[in-house]
Protein chains: 2
Amino acid sequence: MPARGQANGNTESVDNYLKAILSLGGPEGRRVISKSLAERLSVAPASVTNMLQKLAAAPSPLVEYERHRGVKLSAAGRRRALEVVRHHRLIETFLYEVLDYPIDEVHEEAERLEHFISERFEERIAAKLGHPKIDPHGHCIPTMEGHMQEHDSIRLADVVDEGTFVIDSVSDRDAGTLRQLEASGITPGARLRVRKHTALDGYSVSIGRSSKAFDLSQETARDIRILPVA
Amino acid sequence: MPARGQANGNTESVDNYLKAILSLGGPEGRRVISKSLAERLSVAPASVTNMLQKLAAAPSPLVEYERHRGVKLSAAGRRRALEVVRHHRLIETFLYEVLDYPIDEVHEEAERLEHFISERFEERIAAKLGHPKIDPHGHCIPTMEGHMQEHDSIRLADVVDEGTFVIDSVSDRDAGTLRQLEASGITPGARLRVRKHTALDGYSVSIGRSSKAFDLSQETARDIRILPVA
DNA sequence: CCTAATAATTAGGTATGCCTAAATTTGCAG
DNA sequence: CTGCAAATTTAGGCATACCTAATTATTAGG
Ligand SMILES: [Mn+2]
Ligand SMILES: [Mn+2]
Ligand SMILES: [Mn+2]
Ligand SMILES: [Mn+2]
């Protein structure tokens with residue numbers, strides 16, 4: 001009967017599937033194909049099929065699934081996914097603000113703990129932090145009621161024009177990249193000038209009033225979201 | 001391959017077996033019989049046998065086990081058990097001191113989280129708390145190196161004489177009892193006068209300078225450890 | 001010393017979640 | 001329209017950690 005450990009009803013695995021479907025389906029909740037899930041979760045495609053069938057067959061299903069045509073979250077699934085995301089981002093903020101974690105270490109710890117904290121814990125750290133709206137990477141923290149207002153930021157990688165922007169958020173997926181961005185001053189809220197779109201499919205940028213320019217690869221530019229200057 | 005979720009190598013289950021063996025075997029590390037483990041962990045005796053065989057057969061075994069004659073921890077097992085206890089008690093202290101948890105809610109949360117926090121998390125909350133030596137129930141927190149100095153406190157239930165004592169610790173196992181003790185002022189460090197050993201196998205006691213006496217059942221008296229007045 | 005109760009072990013199952021290999025299905029190119 | 005490649009599903013397994021029922025050991029009383 002094992003594989004729980006949870007404060008709530010779901011397993012860590014189920015939570016991670018729900019989060020992945022939310023993330024890959026985007027705010028509009030597009031259907032997500034098994035292959036993307038398999039990649040995102042680093043499991044075999046067969047394992048995904050298996051899990052989706054189980055989730056869809058449950059008494060009150062967390063997903064809507066049709067053979068060969070992908071999944072999307074049910075209302076209940078979306079609610080749970082947003083709760084886990086809220087846990088994740090509150091924990092990240094807490095580790096960064098209260099426990100003085102280095103920015104590049106918060107994600108891994110949050111990825112684990114998000115499944116195991118109680119509602120009380122969630123409520124207490126939120127209170128301690130003054131009910132923050134964004135996490136240290138610049139990502140929105142869903143509300144207790146499960147709402148998340150999206151920024152209409154765009155990926156730096158999608159910018160063709162030169163110009164000045166405000167950094168909205170940076171990806172937390174890769175600790176190494178994050179460390180480098182932090183070192184370069186590329187953190188949420190900073191002002192970023194895009195000097196030119198270099199030949200080698202990258203960018204030359206500078207931060208704040210600094211005249212020091214440096215290069216970002218196309219790869220890295222996909223991990224940075226920006227907004228027009230206010 | 002599942003049932004992990006852990007920051008370290010063991011599963012939650014294994015950790016809980018090790019902690020139970022440490023606790024039931026006492027500081028001297030007496031052999032523990034399967035039945036006690038089954039009761040403590042709320043699993044069937046057959047499940048205990050199964051687990052002990054697996055733990056003992058591992059490449060570097062966490063326990064020494066002989067059929068029909070109980071288990072004790074190996075050096076490695078003891079080290080890990082003490083680490084989990086350290087996690088548990090640091091987390092309790094943290095929840096109580098930093099997150100303002102009610103005393104009777106810290107145990108349940110710690111019982112879960114103790115298995116999932118990283119070494120960094122352990123180190124950071126210890127630092128935040130100023131490297132505390134005892135938890136909110138009065139229990140010693142093992143050091144990072146795996147040492148735990150035992151108090152030579154005795155259970156109130158073992159006191160025959162009347163007299164005045166200092167409360168060393170209270171059990172965290174039952175939230176209800178804990179809430180009542182807290183309400184009566186029975187907390188670590190408080191001064192306790194034992195008035196009489198009542199007929200119905202209980203105690204009449206008072207706290208501090210108060211003249212108000214109240215009764216404690218023999219049951220409850222087993223959950224309180226005391227020291228002679230300094 | 002023998003027996004009966006108690007403790008422990010073995011045998012045979014279940015559920016979760018994952019894997020590989022062997023079918024299927026789909027959808028696109030020619 | 002066909003045929004192939006990519007995506008998906010099915011089939012068959014494995015590991016963890018439980019459970020119940022049946023069997024075997026140990027041990028304390030008489
Ligand atoms: Mn996770
Ligand atoms: Mn984040
Ligand atoms: Mn535990
Ligand atoms: Mn405690």
Side-chain angles (χ1 to χ4, degrees), chain A residues 1-6 8-21 24-25 30-59 61-72 80 84 111-112 115-116, chain B residues 1-6 8-21 24-25 30-59 61-72 80 84 111-112 115-116:
Chain A
M1 194 185 315
R4 294 218 28 278
Q6 309 275 113
N8 65 84
N10 302 307
T11 63
E12 181 176 11
S13 246
V14 169
D15 274 356
N16 284 334
Y17 275 88
L18 298 179
K19 258 204 330 175
I21 297 167
L24 294 170
R30 293 182 303 274
R31 303 192 83 88
V32 174
I33 67 176
S34 300
K35 208 199 167 215
S36 328
L37 280 171
E39 264 161 23
R40 173 66 76 101
L41 297 168
S42 303
V43 297
S47 304
V48 173
T49 299
N50 222 70
M51 176 63 94
L52 296 183
Q53 288 174 339
K54 205 181 30 173
L55 291 180
L62 294 165
V63 303
E64 287 165 37
Y65 165 68
E66 284 176 81
R67 298 179 49 164
H68 292 285
R69 72 200 51 245
V71 251
K72 51 186 213 179
R80 176 60 188 165
V84 180
E111 193 62 44
R112 220 176 330 102
H115 312 286
F116 303 110
Chain B
M1 192 187 313
R4 292 216 32 278
Q6 309 273 115
N8 66 84
N10 302 306
T11 63
E12 180 176 12
S13 246
V14 168
D15 274 355
N16 283 335
Y17 275 89
L18 298 178
K19 261 205 326 177
I21 297 167
L24 294 169
R30 294 182 302 274
R31 304 191 83 87
V32 175
I33 65 174
S34 300
K35 211 205 163 208
S36 327
L37 280 172
E39 264 161 22
R40 174 64 76 102
L41 297 168
S42 303
V43 297
S47 304
V48 173
T49 299
N50 225 84
M51 177 64 95
L52 296 183
Q53 287 174 340
K54 205 182 28 174
L55 291 180
L62 294 165
V63 302
E64 288 166 36
Y65 165 69
E66 286 175 79
R67 297 180 50 166
H68 293 285
R69 70 200 52 246
V71 250
K72 52 186 212 181
R80 175 60 189 165
V84 179
E111 193 63 43
R112 220 177 329 104
H115 312 286
F116 303 109

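Just so you know, these numbers come straight off a predicted model, no measurement behind them. Chain letters run A, B, ... following the sequence lines, proteins first and then strands; every chain starts at 1.
- Look at OH on B:Tyr65: it is 13 Å from P on D:dA25, rounded to the nearest Å.
- D:dT26 atom C1' lies 14 Å from atom CD of B:Glu66, rounded to whole Å.
- Rounded to whole angstrom, the span from the CD1 atom of B:Ile33 across to the C1' atom of D:dT27 amounts to 12 Å.
- For the segment residues 44-55 of chain B, residues with any heavy atom less than 4.0 angstrom from an atom of DNA chain C are, sorted by number, B:Pro45, B:Ala46, B:Thr49, B:Gln53.
- Nearest to the side chain of B:Val43, among D:dC18, D:dA17, C:dC18, sits D:dC18.
- Tested against B:Val71, the residues B:Leu55, B:Val63, B:Leu62, B:Leu24 include a single side chain to side chain contact (heavy atoms under 4.5 Å, CB included) partner, B:Val63.
- We find that CZ of A:Arg67 is positioned 8 Å from C1' of C:dT25, with the value rounded to whole Å.
- Considering only side-chain N and O atoms, B:Tyr17 lies under 4.0 angstrom from the phosphate OP1 or OP2 of D:dC18.
- Taking 4.0 angstrom as the limit, A:Ser34 places a side-chain polar atom (N or O) nearer than this to OP1 or OP2 of D:dT9.
- At a threshold of 4.5 Å between non-hydrogen side-chain atoms, the residues A:Arg40 and A:Lys19 do not count as touching.
- At least one side-chain heavy atom of A:Val14 sits under 4.5 Å from a side-chain heavy atom of A:Met51.
- Considering all non-hydrogen atoms of both residues, A:His115 and A:Glu12 come closest at CD2-CG, 3.4 Å.
- Of the candidate nucleotides D:dT16, C:dT25, C:dC19, C:dT25 has the atom lying nearest to any side-chain atom of A:His68.
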